[in-house]
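Values reported hereafter were calculated over all heavy atoms of this structure, with side chains retained and with hydrogens, waters and symmetry mates removed.
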2 protein chains.
Amino acid sequence: MDAMPPPSRPVAGAEVPPGAALLPVTVDVVALTVRDDALHVLLVERGVEPFRGALALPGGFVLPGEGLAAAATRELAEEAGIAPPGYLEQLGTYGPLGRDPRGPVLSVAYLLLAPDFGLVRAGSDAAGAAWHPVADVLDPGALGFDHGRILADGVERARSKLEYSPLATAFCGPEFTVAELRRVYEAVWGVRLDPRNFSRKATGTPGLLVETGRFTSGGAGRPAALYRAAVRAPGIQGVGGSAATGDDGPASVPVVLDPPLLRPRS
Amino acid sequence: MDAMPPPSRPVAGAEVPPGAALLPVTVDVVALTVRDDALHVLLVERGVEPFRGALALPGGFVLPGEGLAAAATRELAEEAGIAPPGYLEQLGTYGPLGRDPRGPVLSVAYLLLAPDFGLVRAGSDAAGAAWHPVADVLDPGALGFDHGRILADGVERARSKLEYSPLATAFCGPEFTVAELRRVYEAVWGVRLDPRNFSRKATGTPGLLVETGRFTSGGAGRPAALYRAAVRAPGIQGVGGSAATGDDGPASVPVVLDPPLLRPRS
DNA sequence: CGGGGTTCTCGTCAAGCTGACATCAAAGCC
DNA sequence: GGCTTTGATGTCAGCTTGACGAGAACCCCG
């Protein structure tokens, strides 16, 4: 669907009722990763008004003939410099009133859970994207527009996703250890988990891990068994075949963890 | 926010980049209720093309100067005849490509969990709204547009909501018995629950029920204790004060059930 | 080469929760 | 008054959870 040509008329609505509003639509992405045992979010420094100089989520306007998910991946590729791996799902829609000083704008937010991929032009360009610790920018007002609220919603969505879906593996590389997976949970939830109980739970939960038979080497301590994700997250690049018509609804969870991995209750 | 006057220029986008698409936006509502121990959805029979004569979710185009949630409540009021009670939250956004034969249209879907409220003009008018058992219309193709998929997403959202939030009470009236609440769970999940275990769990979960001290009378069997919802669902009518700026993001869950009420696993 | 430190893996055990089921209580109905 | 219906309370085995001990396998260092 990325290669779909623009339609003949760039502005739709010729057959819709005359009273309907025609709205510009943006796509903003909450891209989360875990680095140095802390949750990070991909942010850009805005180079143009409004909110010039402020930090904001990567995103931009949907172009004519473009789907929502396609717009999200395009903006990520433009502002992060690469087509990042990971799991992408729709987060929610905000607006159109009272969120952009230029006027009514509808914004569809997406959530990306990704391993710590490198950034092209990281921090060098004026509008370059960079990872920021979520804890540093979680207070309202740290980001332009209503992106502080969108980020908070994205973090909360990620936290609950980790409980009931195997998507914690989306933060890891193709092969990882149980300890790496545990540090993902610890960073996203902001808690400390017992390594022994977590290992028992993670390896005993069907649909989460697949043994590779291989082990780590070179690190300190006893070598750890390497695992792969039991489900390949239907992410940005991995779609492969056409997902029917332009698949722009809220992504369905690939698998539900059963029993869930509940976070400790205070 | 309902009374907000339209802005001076009905079509926004004067200051947005020239390449951005201007899209008509519709709001569709998946209104669910429980009647006769079965999950029902509010549907309208379309009176105009496209999909004339087919069943579809109530909804319509967002008007200039109107917020998303306001458009959802307005469409519900127009097509159901009243301002229904219940809990409203955003479900997801679909499109804009390949879902409306008239051209690109963005659709923001909302989910309403409501008690079995009466319908004005129920079934009489050509475009009147009526409750339909979800089981009758869940197969793809039963509804116009992509509403079959939106309904499926809404039902799945409702199912998981019941596990981790006290929103099952949104299906009940102001006072209800544990048995009524259990029938809500049974209808939404499609399972049979043991009344004794359910009662122990429901009354023992903090943040779900509040005793009223009153009891049912007149029915068959021993009178049952009447309860109220511990949290009033922030629904359509109950907002009261202004919810800051036009609150059109995905609604946050009012309270999280802890421990959750997990549905039986297969 | 051997000891200490580190990390991973397996085992143990009490406490709490879940699912299955029995028992009692309180109404209506004949 | 007995029967039926429905709600409330209790019991009990089995499982899961949280806390923690102990051994295994690697690295580093002297």
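Checking the phosphate oxygens (OP1, OP2) of C:dC17, no side-chain nitrogen or oxygen of B:Lys201 falls inside 4.0 Å.
The separation between A:Phe215 atom CZ and D:dC27 atom P is 14 Å, rounded to whole Å. In this structure, the CG atom of B:Leu193 is 15 Å from the P atom of C:dC21, given to the nearest Å. Whole-Å rounding puts the A:Leu209 CG to C:dT9 C1' distance at 15 Å. For B:Phe198 and D:dG7, the CZ to P distance is 12 Å, given to the nearest whole Å. Note: CG (A:Asn197) to P (C:dC8) measures 15 Å, nearest angstrom.
Mapped onto DNA chain C by nearest heavy atom, B:Leu262 and A:Pro223 fall at different nucleotides, with A:Pro223 at the one closer to the 5' end. In terms of position on DNA chain D, the residue among B:Leu226 and B:Gly221 whose nearest nucleotide sits closer to the 5' end is B:Gly221. Projected onto DNA chain C by closest heavy-atom contact, A:Val178 and B:Arg263 fall at different nucleotides, the more 5' of which corresponds to A:Val178.
The B:Asp194 side chain lies nearest to C:dC21 when the options are D:dG21, C:dC21, D:dT17. For A:Arg200, the listed nucleotide lying nearest its side chain is D:dA19; candidates were D:dA19, C:dC8, D:dG7. Distances from the side chain of A:Arg196 to the nucleotides D:dA8, D:dA22, C:dA26 place D:dA22 closest.
Between the side chain of A:Thr212 and the main chain of A:Leu226, a donor-acceptor pair closer than 3.5 Å is present.
Evaluation of atom-type donor-acceptor distances gives no pair under 3.5 Å for the side chain of B:Arg222 against the base of C:dG28.
Side-chain contact, B:Asp28 with B:Ser107: a donor N or O sits under 3.5 Å from an acceptor N or O. For the residue pair B:Tyr164/B:Asp258, the side-chain donor-acceptor check at 3.5 Å is not satisfied.
Here the rule is side chain to side chain contact (heavy atoms under 4.5 Å, CB included) with B:Leu162, and of B:Leu257, B:Val188, B:Leu262 only B:Val188 fits it.
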